[in-house]
Amino acid sequence: MLTRLPIRVLAPLLFGIPVLVVGLWLSTKWNRQSQQAVAELAEQNIEQIHNAIATKISDVLSVPVRVCEVNEHLVESGALEVDDLSAWRESFVEESKAFDMLSAIAWGGPDGRSAWVSRYADGSFYWALKSDGNSSTMEEWQLDSQGQPITDSKNSFDFDVTTRPWFQAPRDAKQATWSEPYVWVGGEDSQGTTLGISYGIPLYDDSDQLLGIVDADYSLNDLSTYLGKLKVGKTGVAMLLSPDGRLLATSSDARIVSDKGERLTTSDSANPLVATAGNRATGGSMEQNEPNRFEQDGETYYIRSSKVGGDVGLDWTLLTIVPESDFTASIEAAFARSWVTSLLAVAAAVVLGLLAARWLVDPLTRLVTAVRRIGQGDLDTRIDIRHAPEYSNLASEINKMAEGLQDRIRMQRSLSLAMEVQRNLLPAEAPEMRQLDIAGHSTYCDETGGDYYDFLDVSGTDEDTAVLVIGDVMGHGVAAALLMATARGILRSRCAESGSLADFLTHLNDMLVVDTNGERFMTMLLMTISGGRDQLRWASAGHGPPVVYDPTTGTFPELDGGGLPLGLMEGEHYTEYTQNDIRPGAILLASTDGLEEAMNESGEQYGVERARDVIRANATKSAEEISQAIRQSLATHRGGASQDDDLTFVVAKVL
């Protein structure tokens, strides 16, 4: 049959059809392998995008808590006097400018007096003061760029602080807490409504009577703006939901508050993507921290959900939704181009025969082989194809993909090296002293962290005196590790000169403020204890005092005192405190907040009382045995819960 066909027909059939079959087979196989590789990379990318956004949101949400804790300290230390609210403006203005993501920093008293500095939606700052609790009027002034009231901007309005959600929530809870999200309108030129949330800490006097509430407000509209600036793939969406399924913030233009000032659920959203993704998350059809997919309008979307805000007391859900086309569009376009090229090559094969077929099939074979090798883990594979632009472009993209994977592996190795370097900055072993038994421990929750402890060799101290230091940098990761290393270097260089513990902290603060500009800070506790004297000396920069156990009475004396965290404010002076009657057998424990605030699966903190019970039960043992007992007790309490904060503590026992 074939012999009856003319050569001009037979030749194209003999060479064109096999080339067509081979080309289609190779293209299909390459596409299948490429799609599989892209799908795997897509799931990895959505996880990286989601985790990066969750980390940034957690950092933002920690700001109101830290600001309230700073103001709590200022009130308790007398730096901010409750009887003179007008003097608070300067501190509030400095804090508002340092943390421009906050909408307001406020104080409210049960006597009706109140003061705040607020940033409205139009970007202007206002100072409001109600110094007479019996009056119903609050006075407000717009502030200039120097933080001074503009005289002719004075405004008055009726105001009762006890009716405000930011005051009521911590007052009723009798502890630091977040309010429920609530709506307010503000700013002379602002349009619409603002959805906000506040964090407040109640303060009490010695007779347990409420002094007032320190508060920091955060605009969830600003959080939506912040989300909008984050890169969620190419066209993806990120959004935050409250436990009742209502919208808190979105990176899209979807509204979170209705025209009537009511909060919207995902079902109420006019954005179909937000509505569908939110309903899947609240309907229980997807698992936390696992990639999921759904179809809408012919498009496949990756969706990932996880809890955020747990470390600051919130139970929010973060959703990230990224269309599959963000990851596969380029590969699908390249495949479409190669498909057209294959068809054209088949037509050319009719004229060119075997040479044309070989010219067409060879690059596809090389691409398939290279993709397979990369898929098997050979990331050094590179493709050099001098051929049609489609093949060259595709080879270039595959080379870039392999290089990107190599960069990620190198970055992981660099983080591991950074972790090793940082661990080498911590003491390899505790100092051996005749009358003191000392043990230290530190565990980071990430590759690197901001916790720090050390045993200092200070000029002028004798052989029986130990100088202990423990510190905690705000946040985790590389930035916190760098600040910790800087503080360690400054502190050790200062040891060559004698001085009080307060002098050490003052010097360290002045040096750190130059680098941090008040935007990052760390807490620190310095202690001096001698086996030959019954005295403990300490100085604190925003860090809790040491826990001291007296074995003769079986009690824990209450210690207090401290100053602002390091790196916040230039010119801060610190005070050295003394505790006498440190008898033989006494045990000291200094720790970061990762010990007290470690939570179990039920959200219950470890607390200082559990640590005291462990010390009391193991008081006759060595410092290292007490350290191991604390770690075992903490592990039992935490159970299956993960470690969300760095853990560092030092145990010292007088022999």
Side-chain angles (χ1 to χ4, degrees), residues 49-67 95-106 116-126 143 166 178-199 215-242 246-259 261-266 268-271 273-275 277-278 304-306 308-309 312 314 316-322 326 475 519:
I49 292 169
H50 183 90
N51 292 342
I53 294 175
T55 299
K56 292 180 180 179
I57 290 175
S58 295
D59 290 343
V60 169
L61 293 178
S62 69
V63 171
V65 178
R66 298 298 186 185
V67 170
E95 293 171 357
S96 296
K97 291 183 177 180
F99 303 99
D100 57 2
M101 68 287 294
L102 295 179
S103 297
I105 303 174
W116 71 65
V117 167
S118 58
R119 177 177 59 85
Y120 285 153
D122 57 7
S124 57
F125 286 86
Y126 286 79
L143 300 178
W166 62 264
W178 293 89
S179 71
E180 290 295 325
Y182 59 94
V183 175
W184 76 80
V185 179
E188 295 178 355
D189 301 325
S190 65
Q191 299 290 332
T193 56
T194 297
L195 182 64
I197 189 171
S198 66
Y199 181 83
D215 169 77
D217 288 1
Y218 189 86
S219 166
L220 296 181
N221 295 46
D222 290 344
L223 188 55
S224 291
T225 302
Y226 179 76
L227 286 177
K229 294 179 181 178
L230 301 179
K231 187 175 182 181
V232 188
K234 296 180 180 178
T235 59
V237 175
M239 59 182 177
L240 286 169
L241 305 179
S242 58
R246 297 183 182 274
L247 287 167
L248 293 166
T250 72
S251 62
S252 67
D253 56 358
R255 299 183 61 182
I256 58 177
V257 179
S258 69
D259 293 333
E262 299 175 346
R263 293 178 55 206
L264 297 175
T265 65
T266 54
D268 299 327
S269 178
N271 187 317
L273 182 59
V274 171
R304 191 172 179 88
S305 168
S306 69
V308 294
V312 293
L314 292 172
W316 290 358
T317 299
L318 170 66
L319 294 180
T320 50
I321 309 101
V322 183
D326 278 13
E519 295 179 359

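Keep in mind that this is a model prediction, so the values were computed, not measured. Heavy atoms only: backbone and side chains are in, while hydrogens, waters and symmetry mates are out.
Counting heavy atoms from C-beta outward, Val60 and Phe99 have side chains that stay 4.5 Å or more apart. Between Leu102 and Pro64, some side-chain heavy-atom pair lies under the 4.5 Å cut-off. Side-chain contact between Asp217 and Trp166: present, with at least one pair of heavy atoms (C-beta onward) separated by less than 4.5 Å. Put simply, the side chain of Tyr182 does not reach to within 4.5 Å of the side chain of Ile197, judged on heavy atoms. The shortest distance between side-chain heavy atoms of Tyr218 and Met101 falls below 4.5 Å. At a threshold of 4.5 Å between non-hydrogen side-chain atoms, the residues Pro181 and Leu248 count as touching.
Applying the side chain to side chain donor-acceptor pair (under 3.5 Å) rule to Asp59 yields no partners; only residues at least two apart in sequence or on another chain are considered. Every side chain to side chain donor-acceptor pair (under 3.5 Å) that Ser198 has, sequence neighbours left out, goes to Ser179, Asp215. Remark: Lys97 engages Val93 in a side-chain contact (heavy atoms from CB on, under 4.5 Å) (not counting sequence neighbours). Scored by the ring-ring contact (aromatic ring centres under 6.0 Å, His included) test, Trp178 finds Tyr199 as partners (sequence neighbours excluded). In this structure Ala275 satisfies the side-chain contact (heavy atoms from CB on, under 4.5 Å) test with no other residue, sequence neighbours excluded. Residues passing the salt bridge (Lys or Arg N to Asp or Glu O under 4.0 Å) test with Arg246, sequence neighbours excluded: Asp244. Every residue two or more places apart in sequence or in another chain that forms a ring-ring contact (aromatic ring centres under 6.0 Å, His included) with Trp116 is listed here: Phe159. Applying the side chain to side chain donor-acceptor pair (under 3.5 Å) test to Thr266 and every residue at least two apart in sequence or in another chain returns Asn279. Evaluation of the side-chain contact (heavy atoms from CB on, under 4.5 Å) rule for Leu264 yields Arg255, Ser258, Asp268 as partners, not counting sequence neighbours.
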_Test side-chain contact (heavy atoms from CB on, under 4.5 Å) on Arg119 and Tyr126; report intermediate values, then the result._
CA-CA 7 Å; Arg119 177 177 59 85; Tyr126 286 79; over 6 Å; no
*Tell me, with the steps shown, if Leu273 and Ile321 meet side-chain contact (heavy atoms from CB on, under 4.5 Å).*
CA-CA 9 Å; Leu273 182 59; Ile321 309 101; 4.0 Å; yes
*asked:* Working note: Leu247 + Thr265, criterion side-chain contact (heavy atoms from CB on, under 4.5 Å); need CA distance, chi angles, decisive distance, verdict.
replied: CA-CA 6 Å; Leu247 287 167; Thr265 65; over 6 Å; no
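Atom OG of residue Ser118 and atom CZ of residue Phe125 lie 9.0 Å apart, to the nearest 0.5 angstrom. Residue Ile57 holds its CD1 atom at 12.0 Å from OG of Ser62, rounded to the nearest 0.5 Å. Note that CG of Leu227 is 5.5 Å distant from CG of Leu240, once rounded to the nearest 0.5 Å. Note that CD1 of Ile105 is 4.5 Å distant from CD of Glu95, once rounded to the nearest 0.5 Å.
Using a 3.5 Å distance cut-off with no hydrogens or angles, the side chains of Arg263 and Ser242 do pair a donor with an acceptor.
Residue Leu220 is tested with Val257, Thr225, Leu195 for a side chain to side chain contact (heavy atoms under 4.5 Å, CB included); the sole match is Leu195.
Nearest approach of Ser269 to Ala254, heavy atoms of both residues: OG-CB, 4.0 Å. Residue Ser224 comes nearest to Thr250 through the heavy atom pair OG-N, 3.1 Å, listed as atom of the first residue, atom of the second, then distance. Pairing each heavy atom of Ser252 with each of Val274, the nearest pair is OG-CG2, 4.1 Å. Ser58 approaches Gly309 most closely through the heavy-atom pair OG-N, 4.3 Å.
Between the side chain of Ser103 and the main chain of Ser219, a donor-acceptor pair closer than 3.5 Å is present.
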